[in-house]
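Worksheet: the structure to be examined is printed underneath.
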Amino acid sequence: MRIPSARFCQYHVALYLTVPFMSLRLCKLVLVCSVVWIGYSSFATRLVVAQRPTSESTADTTDIVKRSWVVLPSLFYTPRTKIGGGGSVRFFPERRRNGRPSVVEASVIYTQRRQTIISLSPDIFFDGDRRRVFGSLLYFNFPDRFYGIGNDQPLSVSESYTSRVISGLVGGEQELLPGFRVGLTAWVRREHLSDFEEDGVLASGTLPGSDGNWVVGPGAYVRWDTRDDLFYPSRGGYARLSWMYFDPAFGGDFQFSRAGVDLRQFWSLGWDQILAVQFQGSAVAGGSPFQLYPEIGGSELLRGYAQGRYKDRLVLALQAEYRLWVYGPVGFALFGSAADVQPAVRHLFSDPFILSGGAGLRFLMNEQGVNFRVDYAWGRDGGALYISVGEAF
């Protein structure tokens, strides 16, 4: 990718993207979090000590990037949150100059809709970047909307509620071949719902998970990545296959499994033009709480719809984006998406696709290829504005 030459402002704007984590009884959650922190501390210490040159070392000290701290303000806008802001603190341990940077990030977000998100996320690489350990602790108090299950629910049936979640994630990853990695994860998640609308579906308690839920489970994934850049790839591909299993035997309330596939391909068309395509599929089997059903909408998948606007037990989505640098650090994008949301495989393609499309501007923030993104997209419900950092995929 050719980065336009210019001096760029170092003021950063960050978008926090929530992800569904799993949970455990409070005492078990405390234990799991303690183990995660102890494990992270051990790995981080080993990494820093291993990379620190000693007086007896012949390593070139100019090849070492010193540890550092960065404080970043946050500002974003999505239909789900309206205006949101906050900040994060990132610690980067000492590393080799050509190595992938490890980071420990703590962030706090507050939105116009009185949604609060607090997180702590270590992501540590070691052994020449061939191994990785990562984790996340998350709390959010989130007034939200439930739009129903299926692909034909009108906006008029949506109802408000508040979700309070505490969750944790721990995982490890090993590179087997260049670009090919395998990983193991464990997720724990506790959710409590409140502030239901009277006579609504959630207040009736008929949906699994509407009276709260604990879900706990291990998982595994394989990942293949040949992209030429992490933030703004111009060529190469990415594939990730994942599977998780949840069971009361692990301490949760529900028994189900969840599988996902994420495929991306990027082509350079010359003259600073890029074509990017993504296919994503997710499915649950068993007695999953409704909150963990696959869904579409938001700033990444099917822009033009609120996050969670459509959800069911099976979701398939395809999106494509044309990207062009117009002048200096200013770029332009056109995008379109199509999705199918169904209760089972046998119902796929039996209903019209859910479509969306739009355009956006890109402003290059630094020479590493991180973009400030402003998108406007249209769907069945009208238009939606998104302001964030980084590409949708």
Within 45 degrees of the axis of the six-membered ring of [Y] and under 6.0 Å from its centre: does [X] put its NZ or CZ there?
X	Y	result
R132	F134	yes
R258	F246	no
R264	Y238	yes

Worksheet item: E191 and side chain to side chain contact (heavy atoms under 4.5 Å, CB included): which partner among S167, S163, P289?
Response: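 Single side chain to side chain contact (heavy atoms under 4.5 Å, CB included) partner of E191 among S167, S163, P289: S163.
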Regarding [X] and [Y], do their side chains bring together a donor and an acceptor under 3.5 Å, going by distance alone?
X	Y	answer
E159	Y147	no
R164	S194	yes
S121	E105	no
S388	R373	yes
D123	S102	no
D351	Q342	yes
S119	S107	yes

In chain order, what residues pass the ring pair (Phe, Tyr, Trp, His ring centres under 6.0 Å) check against [X], with sequence neighbours excluded?
X	value
Y310	Y305
Y376	W378
W69	F91
F290	F146

(message) For F256 and Y245: C-alpha separation, side-chain torsions, deciding distance, then whether side-chain contact (heavy atoms from CB on, under 4.5 Å) applies.
(response) CA-CA 6 Å; F256 66 100; Y245 178 70; over 6 Å; no
Practice problem: Specify whether F142 and F140 have parallel, tilted or perpendicular ring planes, treating 30° as the upper limit for parallel and 60° as the lower limit for perpendicular. | Solution: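 Rings of F142 and F140: perpendicular, over 60°.
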- prompt: How would you list, by chain and number, every residue that makes a salt bridge (charged side-chain N to carboxylate O under 4.0 Å, His left out) with D312, sequence neighbours excluded?
  reply: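 Applying salt bridge (charged side-chain N to carboxylate O under 4.0 Å, His left out) to D312 gives none.
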Test item: T116 side-chain N/O and N141 main-chain N/O as donor-acceptor pair under 3.5 Å:
no
Note to self: I'd like to know if the side chain of D127 reaches the main chain of R130, judged simply by a donor and an acceptor atom lying under 3.5 Å from each other, with no hydrogens or angles considered.
What the structure shows: no
Q273 meets the side chain to side chain contact (heavy atoms under 4.5 Å, CB included) criterion, sequence neighbours left out, with L269, W271, Y322, L324
Please lay out, stage by stage, how Y77 and Q112 fare under the test side-chain hydrogen bond (donor to acceptor under 3.5 Å, both in side chains). CA-CA 9 Å; Y77 179 93; Q112 185 179 349; over 6 Å; no
